[in-house]
Amino acid sequence: LNNDMENLNNILLFKIINEYLNNISNNSLEDLVKYLKNNIPLKNNELCKYKTGEILGQGSFGVVYKLPENKVLKVINATNYVLPKKKQNEFKNTLDSIIDEINAMKILNKIKPPISPKLYDYWMSNNNNSLHIYILMEFKGKSLTNWLNEKQRGLTNKEKKMIDKQIEKMHKADIAHIDLHLDNILVEEINDKVNFYISDF
């Protein structure tokens, strides 16, 4: 209960800070959409094609839903993001962070065998004074945190080397993960065969 309250407080604090920063930056939704449109298509009705299922994770950025056909949908509430400036405050989430995530996935999707979930589609919607960005990708199992908790053990040397190899491939592709931790490494286990994937760039 304490952890849930702490997470909720952090999310609320993040939203308050970003709303304040957005207000003082005078970024209207029209400004944000205009900045994004060269990188992310505007499709206000695209979400109607999908039926979302269980929530796999949520945080200050938004929510990740499980979809049919082995897919997930990441929904980012970009309403309180700000336009990039030369000098950034550490609390500011700029639109470039979302564009960078999508571009990183595009590059990594070319690596075989894959080291990250496949990117299927992405778009934004500007409805009811709220800007959301959607990233549709392949479902690649559970987080390393949850997987290790279920196994009630640590990583074996072989598993550590497998993860190190994925990270090495990512770096060779000139991609640096700005927030790599156990929750951003996914584990896919099929017939006792384990593979690791890097997510949430």
Side-chain angles (χ1 to χ4, degrees), residues 1 3-16 18-19 22 29 32-33 35-37 39-81 93-106 108-109 114-147 149-150 177-190 195-201:
L1 182 61
N3 284 339
D4 290 341
M5 287 301 297
E6 184 178 346
N7 289 337
L8 179 59
N9 288 336
N10 288 337
I11 291 170
L12 291 173
L13 179 61
F14 179 89
K15 287 182 179 293
I16 291 169
N18 273 281
E19 185 170 353
N22 199 47
L29 285 183
L32 301 180
V33 170
Y35 185 83
L36 287 169
K37 70 178 182 179
N39 293 283
I40 301 175
L42 178 64
K43 301 178 185 177
N44 284 331
N45 299 316
E46 187 73 7
L47 186 60
C48 298
K49 294 181 181 179
Y50 302 98
K51 182 179 179 181
T52 58
E54 66 175 301
I55 294 176
L56 297 177
Q58 59 185 341
S60 54
F61 67 86
V63 186
V64 177
Y65 294 96
K66 181 80 165 60
L67 272 63
E69 300 179 344
N70 207 39
K71 294 177 181 177
V72 296
L73 183 67
K74 182 174 183 178
V75 183
I76 302 168
N77 185 349
T79 305
N80 291 322
Y81 278 60
N93 262 18
T94 74
L95 295 179
D96 279 351
S97 64
I98 304 172
I99 296 170
D100 289 345
E101 177 175 0
I102 292 170
N103 287 336
M105 292 189 71
K106 286 181 182 178
L108 295 179
N109 279 182
I115 68 170
S116 67
K118 182 177 180 180
L119 175 66
Y120 291 115
D121 198 6
Y122 55 91
W123 69 93
M124 64 175 161
S125 71
N126 181 15
N127 291 317
N128 301 318
N129 294 318
S130 184
L131 177 64
H132 286 84
I133 296 172
Y134 303 86
I135 304 176
L136 181 68
M137 63 192 111
E138 184 179 17
F139 176 71
K140 278 296 186 186
K142 59 191 68 174
S143 73
L144 183 54
T145 301
N146 291 338
W147 186 74
N149 285 339
E150 287 180 8
H177 200 301
I178 60 170
D179 190 30
L180 188 59
H181 51 73
L182 297 183
D183 285 338
N184 289 337
I185 297 175
L186 303 177
V187 187
E188 184 179 60
E189 191 171 16
I190 301 175
N195 284 304
F196 299 97
Y197 302 91
I198 304 169
S199 67
D200 288 336
F201 293 91

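All values below come from the heavy atoms of this structure, side chains included, with hydrogens, waters and symmetry mates left out. For this chain, numbers begin at 1 and follow the sequence in order.
At a threshold of 4.5 Å between non-hydrogen side-chain atoms, the residues Ile98 and Tyr81 count as touching. Contact of the Leu180 side chain with the Phe201 side chain is not registered, since no non-hydrogen atoms from C-beta on lie closer than 4.5 Å. Side-chain contact between Lys71 and Phe139 is absent, with no heavy-atom pair separated by less than 4.5 Å. Between Leu32 and Thr79 there is no side-chain heavy-atom pair separated by less than 4.5 Å. Contact check for Ile40 versus Tyr122: side-chain heavy atoms found under the 4.5 Å cut-off. Looking at His132 and Ile76, their side chains never come closer than 4.5 Å, going by heavy atoms from C-beta outward. Within the 4.5 Å cutoff, side-chain heavy atoms of Met105 are placed close to those of Ile135. Looking at heavy atoms from C-beta onward, Ile133 lies in side-chain contact with Leu36 at the 4.5 angstrom threshold.
No donor-acceptor contact under 3.5 angstrom links the side chains of Asp96 and Thr94, judged on distance only.
Among residues two or more places apart in sequence or in another chain, the side chain to side chain contact (heavy atoms under 4.5 Å, CB included) test is passed with Asp200 by Lys74, Glu101, Asn184. Shown here are the side-chain hydrogen bond (donor to acceptor under 3.5 Å, both in side chains) partners of Asp183, two or more places apart in sequence or in another chain: Thr145.
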For residues 43-55, which side-chain donor-acceptor pairs fall under 3.5 Å, sequence neighbours excluded?
| residue | atom | partner | partner atom | Å |
| --- | --- | --- | --- | --- |
| Asn44 | OD1 | Asn126 | N | 2.7 |
| Glu46 | OE1 | Lys49 | NZ | 3.4 |
| Glu46 | OE2 | Lys49 | NZ | 3.1 |

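Note: Ile115 CD1 to Ile185 CD1 = 11.0 Å, rounded to the nearest 0.5 Å. Distance check, rounded to the nearest 0.5 Å: OG of Ser130 to CG of Leu29 gives 7.5 Å. Taken from CG in Leu108 to OG in Ser199, the straight-line distance is 11.0 Å, to the nearest 0.5 Å. Considering CG of Asp121 and CG of Leu136, their distance stands at 6.0 Å, rounded to 0.5 Å.
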Step by step, work out the side chain to side chain contact (heavy atoms under 4.5 Å, CB included) result for Val64 and Val75.
CA-CA 6 Å; Val64 177; Val75 183; over 6 Å; no
Audit row: Val72, Tyr65, side chain to side chain contact (heavy atoms under 4.5 Å, CB included) steps and yes/no
CA-CA 5 Å; Val72 296; Tyr65 294 96; over 6 Å; no
Please report the C-alpha distance between Leu186 and Phe196 in whole Å, then the side-chain angles of each, then the deciding distance to 0.1 Å, and finally whether the side chain to side chain contact (heavy atoms under 4.5 Å, CB included) criterion is met.
CA-CA 6 Å; Leu186 303 177; Phe196 299 97; over 6 Å; no
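Judged by distance alone, the side chain of Glu138 and the main-chain N or O of Lys118 form a donor-acceptor pair under 3.5 Å. A donor-acceptor pair is defined here as one N or O able to donate and one able to accept, closer than 3.5 Å; such a pair exists between the side chain of Asn109 and the backbone of Pro117.
Atom NZ of Lys66 has more than 12 neighbouring heavy atoms from other residues, nucleotides or ligands inside a 6.0 Å radius. By the 6.0 Å contact criterion, CG on Asn129 is open, its count of non-hydrogen atoms from other residues, nucleotides or ligands being 12 or less.
The two residues Tyr35 and Asn39 come nearest to each other via the heavy atoms O-ND2, 4.4 Å. Ser125 and Leu42 make their closest contact through CA-CD1, 4.0 Å (heavy atoms, listed as atom of the first residue, atom of the second, distance).
Of the charged side-chain nitrogens involved, none lies within less than 4.0 Å of a carboxylate oxygen, so that Glu188 and Lys142 do not count as a salt-bridged pair.
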